[in-house]
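Values below: every heavy atom of this structure, side chains too, minus hydrogens, waters and symmetry copies. Indexing begins at 1, ligand by ligand and atom by atom, following the structure's order. What you see is a predicted model; the values in this text were computed from it and never measured.
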Amino acid sequence: MFFDKTKIKTKVVGITGGIGSGKSAIANYIQTKGIPVYISDVEAKKVMDFPDVVEKIIFLLGKEITDKSNNIDRKKLAEVVFNDADKLKQLNSIVHPEVKKHYENWLQENNNNPFVVKETAILFESGSYKDCAIIINITAPLETRIQRVIERDKTTKEKVLSRIKNQITDEERNSKSTFVVENVDLELAKNKIDEILKTLSIQ
Ligand code: ATP
C-alpha cells in the first residue's frame, strides 16, 4: 500500500517511556477504551513471522536460527544478536523498515478515527516522534523499573541496567514530551491518563 503522509487525518498520540516504566500497561488500558492502539513490540513480533521477513533473517543469520516448524526461534535469535552488535544492527535494518510499513498500513486503516495511539520505547530514537501530535512519557523511579523487569523477564539487575544504558534518559524524554505521567500506583496513572484524554477531547 502506498503511504501518503498528507492523507493522514488522524492525530497520533505517542506513548513512550524507559524499560519497565509501564508504557505497555498504560497502552493496554487506553485500548480498553476503544481507542486504536499500536503496541510496537507486539506488532514487531508478528512481523517477524511474515514469510518474507523470516527468509531475510535466515539469509542473515543462517538456518540454525529457526525451530522445527521453520519459524524464528526467539531464544536462539536473542542469544546471537545480543552478543554481536553488528548482527543486531543488521537484524534491525531488516525488521525496523518492515514494522514501519506495517504501522503505516495500520495508520491508513484507522484514518477515520480522530486519534490513534502508538506505543514504542524508541519513539525519539527512531524519529517517529515527528509524526505525533501529542507525546506522553510514562515514568517510574529507576529502582522500581529495574525490579519490575527483573520479575517480568526473570533476568538480572546487570542485564536490565545494560538495557537502560542503551536508552535515552527520562530527562531527555520528559523535555520532548507533551505530558509526563508517573506510573507507580497504576490506578493513579490511569486517572491521569483519563484526565489527559478528556483535555484532548479524546474521551
Ligand atoms: P518494556 O520497555 O520492557 O516493554 P514497559 O514500559 O512496556 O516495558 P510494562 O511491560 O508495561 O513496561 O510493565 C513492566 C512490568 O511492570 C509488567 O510486568 C507490568 O505488569 C508491571 N507494571 C506496570 N505498571 C505497574 C504498576 N503501576 N505497578 C506495578 N506493576 C506494574
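Remark: Asp86 pairs with no residue by the salt bridge (charged side-chain N to carboxylate O under 4.0 Å, His left out) rule, at least two apart or across chains. Residues passing the side chain to side chain contact (heavy atoms under 4.5 Å, CB included) test with Lys11 are Phe115, Ala133, sequence neighbours excluded.
Polar contact with ligand 1: absent for Asp185 (N/O pair, distance under 3.5 Å). Of the polar atoms of Gly22, at least one N or O is found under 3.5 Å from an N or O of ligand 1, judged by distance alone.
Here the protein heavy atom with the shortest distance to atom 24 (N) of ligand 1 is Asn183 ND2, 3.0 Å. Atom 31 (C) of ligand 1 has as its closest protein heavy atom Arg148 NE, 3.6 Å. Residue, atom and distance of the protein heavy atom nearest to atom 7 (O) of ligand 1 are Ser24 OG, 2.8 Å. For atom 5 (P) of ligand 1, the nearest non-hydrogen atom of the protein is Lys23 NZ, 3.4 Å.
Under a 4.0 Å criterion applied to the non-hydrogen atoms of Ala25, ligand 1 contributes the atoms 11 (O), 23 (C). Taking a cut-off of under 4.0 Å to the non-hydrogen atoms of Val184, the atoms of ligand 1 that pass are 26 (C), 27 (N), 28 (N).
Under 4.0 Å is where a charged nitrogen must lie from a carboxylate oxygen, and between Lys101 and Glu98 at least one such pair does. Between Lys5 and Asp131 a salt bridge is recorded (basic side-chain N to carboxylate O distance below 4.0 Å).
Under the 4.0 angstrom criterion, atom 19 (C) of ligand 1 counts as lacking any protein heavy-atom contact. For atom 12 (O) of ligand 1, a protein heavy-atom neighbour is present inside the 4.0 Å cut-off.
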Q.
side chain to side chain donor-acceptor pair (under 3.5 Å), that's the test. Do Asn71 and Asp49 meet it? Break it down for me.
A. CA-CA 7 Å; Asn71 293 318; Asp49 287 332; 5.8 Å; no
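Contacts between Arg152 and ligand 1, counted as non-hydrogen atom pairs separated by less than 4.0 Å, involve the side chain only. With a 4.0 Å cut-off on non-hydrogen atoms, Val149 does not touch ligand 1 at all.
In this structure, Gly18 counts as a contact residue of ligand 1, since one of its heavy atoms falls inside 4.0 Å of the ligand. Contact annotation: Gly17 has no heavy atom less than 4.0 Å from any atom of ligand 1.
Across Val180, Leu123, Val12, Val13, a single residue satisfies side-chain contact (heavy atoms from CB on, under 4.5 Å) together with Ile135, and that is Leu123.
Between the side chains of Asp194 and Tyr29, at least one donor N or O sits under 3.5 Å from an acceptor N or O. With 3.5 Å as the limit, one finds no donor-acceptor pair spanning the side chains of Lys23 and Asn137.
Other residues, nucleotides and ligands contribute only 12 or fewer heavy atoms inside 6.0 Å of the CD atom of Glu55.
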